[in-house]
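Scope of the values below: all heavy atoms of this structure, side chains included, with no hydrogens, waters or symmetry mates.
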Amino acid sequence: MIRSLYRLLPLLLLCLVACSAPPRTPPAAVPTAGYTPPDPAIEVTILQMNDVYEITPVAGGESGGLARVATLRKRLLEENPNTLTVMAGDFFSPSALGTARVDGERLAGAQMVAVLNALGLDVATFGNHEFDIDREAFYQRLGESRFQYVASNVFDAQGRSFPGTAAHLIWKIPGPRGDTLRLGLVTATIDSNPVEYVRYAPPVERMRAEIERMRGRTDAVIALTHLALEDDIALADSIPALHLIMGGHEHENYQLWRGTTLTPITKADANARTVYVHRLRYDPATRALTVRSNLERITDAIPDDPAVAAEVERWVDAAFAGFRAQGLKPAQPVVTLPVPLDGREASVRNRPTNLTDLIAEAMYRAAGAPDLAVFNSGSIRIDDVLPPGTLVEYDVIRVLPFGGDVLTVTMPGSVLDSVLTIGAGPNQGSGGFLQHHGVTRTAGGWQIQDRPLDPARTYRVAISDFLVTGLEKNLGFLTLDDPRIAQVATHGDVRLAVVAELKRRYE
């Protein structure tokens, strides 16, 4: 499939090799007049993003924003025409704008693809959240993309590469004296989102296989991954041939060196609060590749790229119109916050915060004050701090983009004890870490409304609808199919409950 990357990197020869159906053809490149490296070395710049859910700035406008990243990209291209922009997964979903319905269909990442097209993204790999959306929407996003997808260990249900997706790439980058750097790229995606239209293969095994397929045709190999940090470390330990691992998934920036060759592993902050800029230098004489990586903050000191800013505004306007058609009022002020509310992933997946306490109490009140309320911290997707000042309905949508109903269910104390213990223990640090109201933990065990949890008693629990699907980590038994658990009431969208609680507290 031929795509318009020709116009995106007119000065870089990007030769693609795939193990499946022919993917998009990358651009050819010619040396730029007047651009002469100071020595025979071949220099390549790579701009790395990962885990981007917002096309607009975050942190009250102070950080992030893809229009600002576009400006940085143009500056890097001026510095070195051999510049590539890559995405290490998680951008189709979850996004607050992506939940809006436009022309009867959820955007489901359409706004992300359009803005990344305008920005000039060159290559992306899949994150686990690319598969939040259904099969039809996923294939639509692939077809709309003007950048190349590479997936070494993710395939369709028949084990084939997705349309237009390569299993690896080889970039041929010309040097100033007729030499060429043949830079291979392999990828890996975590298998944490099993869906019927996707098949995962072991990352290390598949990466080794693709590197073997490129044997004799590359001078160096780098990786673009969406894995847990310990899995990236395992890659570095297992595959010393890798010169650089550009990762995602954690939402926090990392730079570390692992393996026998001290392979650098880098991850930027989510929502483009930071990006990594990698400067690769290849010496054709010694065949040595060196990597220098800098974490760059994306702040309001960087001006918006006008064309990308216009594309962002177009999609925000369309999504807000969709929200209004659903009865939401995204631009309407809710309250004036006197304090910041902490929704950072590193916080909410490890401990209660003032935001998680507010959501849990909102559910408790919406359900008419049952015995307790509980929800999974993974439903909070903002990964940001809501600053003091005016808070609008769209901020609530950003916090809880999946929405979902508040339910009241009954369950015996023995089941409740297991749920709370798993949610606070093995699930800590993940989206399955549980937040609650009316619950405390002492040395003697759990207390419900200041009384010891009674295994024989039946409790009324306000709970998020997702949490009783059995899909949460380590909580497969928590499902309405279990005869011990019964739904007794539905109380509407959790976001409306949060709006009501905000007004109760701060109006």
*Check step by step if side-chain contact (heavy atoms from CB on, under 4.5 Å) holds for L235 and M207.*
CA-CA 9 Å; L235 281 182; M207 198 170 280; 3.8 Å; yes

_Ion pair check, R101 and E105, cut-off under 4.0 Å_ = no

*Stepwise side-chain hydrogen bond (donor to acceptor under 3.5 Å, both in side chains) check, D269 with T274*: CA-CA 5 Å; D269 294 285; T274 62; 2.8 Å; yes

*For the atom pair CG (N354) and CG (D342), what is the distance rounded to the nearest 0.5 Å?*
6.5 Å

*Could you tell me whether K267 and E250 make a salt bridge, using a distance below 4.0 angstrom between a side-chain N and a carboxylate O?*
yes

_Which residues pass the ring pair (Phe, Tyr, Trp, His ring centres under 6.0 Å) test with F91, not counting sequence neighbours?_
none

*Between atom CD of E345 and atom CG of N350, what is the distance when rounded to the nearest 0.5 Å?*
9.5 Å

*What's the verdict on side-chain hydrogen bond (donor to acceptor under 3.5 Å, both in side chains) for N193 and D132, showing C-alpha distance, side-chain angles and the deciding distance?*
CA-CA 8 Å; N193 193 359; D132 286 344; 2.9 Å; yes

*Gap between atom CD of E313 and atom CD1 of I55 - 0.5 Å precision*: 10.5 Å

_Residue pair G184 / M214: nearest heavy atoms and the distance that separates them_ = CA-SD, 4.0 Å

*Can you tell me how far the CG atom of L183 sits from the NZ atom of K172, to the nearest 0.5 Å?*
13.0 Å

*Can you name the nearest heavy-atom pair linking L227 to D231, along with the distance?*
CB-CB, 3.8 Å

*Over all heavy atoms of both residues, which pair between E43 and N80 is shortest? Give the atoms and the distance, please.*
O-ND2, 3.1 Å

*So does D317 have more than 12 non-hydrogen atoms from other groups sitting under 6.0 Å from CG?*
yes

*For Q332, look at atom CD and say whether over 12 heavy atoms of other residues, nucleotides or ligands are found less than 6.0 Å away.*
yes

*Less than 4.5 Å apart, any side-chain heavy atom of T225 and any of M246?*
no

*Verify the distance criterion only: is there a donor paired with an acceptor across the side chains of N128 and H226 at less than 3.5 Å?*
yes

*asked:* Ignoring hydrogens and geometry beyond distance, is a side-chain donor-acceptor pair present between T299 and E62 at under 3.5 Å?
replied: no

*May I ask you to check whether over 12 heavy atoms, not counting those of R297, lie within 6.0 Å of atom CZ?*
no

_Just so I know, are the side chains of I359 and V399 near enough to count as touching, which here means a heavy-atom distance under 4.5 Å?_
yes

*So do S93 and E130 actually touch side chain to side chain, heavy atoms under 4.5 Å?*
no

*With side-chain contact (heavy atoms from CB on, under 4.5 Å) as the test, would you mind laying out the steps for T45 and V277 before giving the verdict?*
CA-CA 7 Å; T45 301; V277 176; 3.8 Å; yes

*Looking at residues at least two apart in the chain, or sitting in another chain, which of them share a side chain to side chain donor-acceptor pair (under 3.5 Å) with R351?*
S347

_For L256, the option from I245, I233, D232 that meets side chain to side chain contact (heavy atoms under 4.5 Å, CB included)_ = I233

*Least distance between heavy atoms, T180 atom then Y282 atom*: O-CE2, 4.3 Å

*So among F138, F92, Y200, F155, which one has a ring-ring contact (aromatic ring centres under 6.0 Å, His included) with F126?*
F138

*Considering all heavy atoms of both residues, which atom of P401 and which atom of S379 are nearest to each other, and what is their separation?*
CD-O, 4.2 Å

_Y139 six-ring centre to R135 NZ/CZ under 6.0 Å and within 45° of normal_ = yes

*Quick one: do R206 and E210 make a salt bridge, cutoff under 4.0 Å?*
yes

*Are E472 and N376 close enough that a side-chain donor and a side-chain acceptor fall under 3.5 Å?*
yes

*Hey, is R73 close enough to E78 for a salt bridge, meaning N to O under 4.0 Å?*
no

*How about F162 and Y149: are their ring centroids closer than 6.0 Å?*
no

*Does F131 have its ring centroid less than 6.0 Å away from the ring centroid of H129?*
no

*With no hydrogens and no angle check, is any side-chain donor or acceptor of R213 less than 3.5 Å from a backbone partner on A209?*
no

_salt bridge (Lys or Arg N to Asp or Glu O under 4.0 Å) between E393 and R324, worked out_ = CA-CA 11 Å; E393 280 197 18; R324 288 192 291 270; over 6 Å; no

*Are any side-chain N or O atoms of D304 and backbone N or O atoms of P306, one a donor and one an acceptor, separated by less than 3.5 Å?*
no

*Could you verify whether a donor N or O on one side chain and an acceptor N or O on the other, from N271 and D384, lie under 3.5 Å apart?*
no

*Begin from the C-alpha positions of Y394 and F320 and carry the test ring-ring contact (aromatic ring centres under 6.0 Å, His included) through to its verdict.*
CA-CA 9 Å; Y394 181 61; F320 276 28; 5.0 Å; yes

*Does the pair H278 and S293 meet the rule for a side-chain hydrogen bond (donor to acceptor under 3.5 Å, both in side chains), with working shown?*
CA-CA 4 Å; H278 307 286; S293 303; 2.7 Å; yes

*So which of L181, I42, L289, T290 actually passes side chain to side chain contact (heavy atoms under 4.5 Å, CB included) with R281?*
T290

_T71 versus P303, closest heavy-atom pair with distance_ = OG1-O, 2.7 Å

*Using a 4.5 Å cut-off on heavy atoms from C-beta on, say whether the side chain of L386 contacts that of L391.*
yes

_So I298 and L72, do their side chains get closer than 4.5 Å, heavy atoms only?_
yes

*Pairwise side-chain contact, L66 with M112, heavy-atom cut-off 4.5 Å (strictly under)*: yes

*Should the heavy atoms of other residues, nucleotides or ligands under 6.0 Å from CD of Q326 be counted, would the total exceed 12?*
yes

*Taking C-beta and beyond as the side chain, do V115 and V308 meet within less than 4.5 Å on heavy atoms?*
yes

*So, do Y53 and H251 have ring centers that fall under 6.0 Å from each other?*
yes

*Among side-chain atoms of T266 and Q48, is any donor-acceptor pair under 3.5 angstrom?*
yes

*asked:* So that I can tick it off, tell me whether D383 and R344 are bridged by a salt bridge, with the cut-off set at under 4.0 angstrom between side-chain N and carboxylate O.
replied: no

*Just wondering, do V86 and L47 contact through their side chains at under 4.5 Å, heavy atoms?*
no

*Can you check side-chain contact (heavy atoms from CB on, under 4.5 Å) on L355 and V385, steps first, answer last?*
CA-CA 9 Å; L355 177 61; V385 175; over 6 Å; no

*Report the C-alpha separation of M49 and V69 in whole Å, then their side-chain angles, then the decisive distance to 0.1 Å, and conclude whether the side-chain contact (heavy atoms from CB on, under 4.5 Å) test is met.*
CA-CA 9 Å; M49 295 180 284; V69 176; 3.8 Å; yes

*Between K74 and D305, is there a side-chain N and carboxylate O pair less than 4.0 Å apart?*
yes

